[in-house]
Amino acid sequence: MASPQKKLQGLVAATITPMTENGEINFSVIGQYVDYLVKEQGVKNIFVNGTTGEGLSLSISERRLVAEEWVTRGKNKLDQVVIHVGALSLKESQELAQHAAEIGADGIAVIAPFFLKPWTKDVLINFLKEVAAAAPALPFYYYHIPALTGVKIRAEELLNGIQDKIPTFQGLKFSDTDLLDFGQCVDQNRQQQFAFLFGVDEQLLSALVMGATGAVGSTYNYLGKKTNQMLEAFERKDFSLALNYQFCIQRFINFVVKLGFGVSQTKAIMTLVSGIPMGPPRLPLQKASREFTENAEAKLKSLDFLSFTGLKDGNLEACS
Ligand SMILES: CC(=O)N[C@H](C=O)[C@@H](O)[C@H](O)[C@H](O)CO
Ligand SMILES: CC(=O)C(=O)O
């Protein structure tokens, strides 16, 4: 049974799946990647095979191997490894859930099936329940990302009575900007020990105010340290400092969003910041342009987000 004492909190990096130039998974850098997250970014939880990890673009056997590698490399280094096991086929999802349990992952997460879609809360719950039942000892998280799945069933509605149907339900990863829905998830479940993990990195501070207990995101791969400073300021109730950090992070995200920002660009930025080659994305995604990477690098430098730049005099926008 899911153990509530091991609550998932703080930052969770949505891991990138490193690839070689010819499109194969580059397992050889995952050990280095774990060390980078822990030592350089202060991030000790990961979310594997999600959006950022191109989980839905990998084969089932690749997803199993990737999950295994992260669990193995993360042993005694990471606090929690959550595996995203969502798939269009219930069978595949169950296979991945069972596999996550076998390899000793700390939790599983599932998105709504997004081709033939569930149209009501009850149908979605039934799908999630069947997946969760394949890993009855693992904490289960629902991954709400309506913009990508097209399944717009409100999270607040879904959470109502969910533990009666899914006893392992432990929390929600909420990747949407609807803070009414998010706030009501928190408000209506105060007596539970659920994890409320926010997934829109540029708005995390507002979600913290609404009661988020943690965050899962792509930018924590390389802005984990900055975001942790924001979390610390928030904890100390130094809200103006926390806002400074959030604005600083927003300046970067706003800049790259205007250039076109997605998983491909995340791979390029992470390669640049960490020095670990993440490689190209897999089709249908396309590699970020050189121009994008150069612009992103200049912005990272001006914000002093690249620790090794040594350009202290020039960084006009750098934050506290
Ligand atoms: C759609 C998507 O990938 N969302 C990510 C996680 O949910 C976020 O971490 C974003 O990448 C981030 O907030 C930047 O927009
Ligand atoms: C951002 C996130 O949570 C994901 O990549 O799945």
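Atoms within each ligand, like the ligands themselves, are counted from 1 in listed order. Atoms considered below: every heavy atom in the structure, side chains included; atoms not considered: hydrogens, waters and symmetry mates.
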Given Ser218, Ser175, Gly262, which one has a non-hydrogen atom that is nearest to atom 7 (O) of ligand 1?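 Closest candidate by heavy-atom distance is Ser175.
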Pick from Val257, Ile145, Val256, Val216: the one approaching atom 1 (C) of ligand 1 most closely through a non-hydrogen atom: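 When every heavy atom of Val257, Ile145, Val256, Val216 is considered, Ile145 comes closest to atom 1 (C) of ligand 1.
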Looking at Arg73 and Glu68, is any side-chain nitrogen of the basic one under 4.0 Å from a carboxylate oxygen of the acidic one?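 Salt bridge absent between Glu68 and Arg73.
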Ion pair present between Lys267 and Glu54, side-chain N to carboxylate O less than 4.0 angstrom?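 Salt bridge flag = yes for Glu54 with Lys267.
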For Phe182 and Phe174, take the angle between the two ring planes, folded into 0 to 90°, and tell me which bin it lands in: parallel under 30, tilted 30 to 60, perpendicular over 60.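 If you compare the ring of Phe182 with that of Phe174, the planes turn out tilted.
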Least distance between heavy atoms, Phe196 atom then Leu159 atom: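 Reported closest heavy-atom pair: CE2-CD2, 3.9 Å.
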Any idea which part of His84 is under 4.0 Å from ligand 2, heavy-atom wise: side chain, backbone, both or neither?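 The answer is neither; His84 stays 4.0 Å or more away.
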Could you tell me whether some N/O pair between Thr51 and ligand 2 is separated by less than 3.5 angstrom?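 Yes; the residue has a nitrogen or oxygen that sits under 3.5 Å from a nitrogen or oxygen of the ligand.
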Out of all atoms in ligand 2, which are within 4.0 Å of some heavy atom of Gly50? Include the element for each.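 Answer for ligand 2: 6 (O).
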For Tyr143, take its heavy atoms, then give the atoms of ligand 2 lying under 4.0 Å from any of them.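 Matching atoms, with element in brackets: 2 (C), 3 (O), 4 (C), 6 (O).
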List the closest protein heavy-atom neighbour of atom 3 (O) of ligand 2: residue, atom name, distance to the nearest 0.1 Å.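 Among all protein heavy atoms, the one nearest atom 3 (O) of ligand 2 is Lys173 CE, 2.4 Å.
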Which of the numbered atoms in ligand 1 are below 4.0 angstrom from a heavy atom of [X]?
X	answer
Lys173	6 (C), 7 (O)
Gly217	9 (O)
Thr51	3 (O)
Val200	13 (O)
Phe261	14 (C)

Would you say the ring centroid of Phe47 lies under 6.0 angstrom from that of Tyr141?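 Between Tyr141 and Phe47, which both carry aromatic rings, the centre distance is not below 6.0 Å.
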Test item: side-chain donor near acceptor, Tyr220 and Asn228, under 3.5 Å: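 Checked: Tyr220/Asn228 side chains show no N/O donor-acceptor pair below 3.5 Å.
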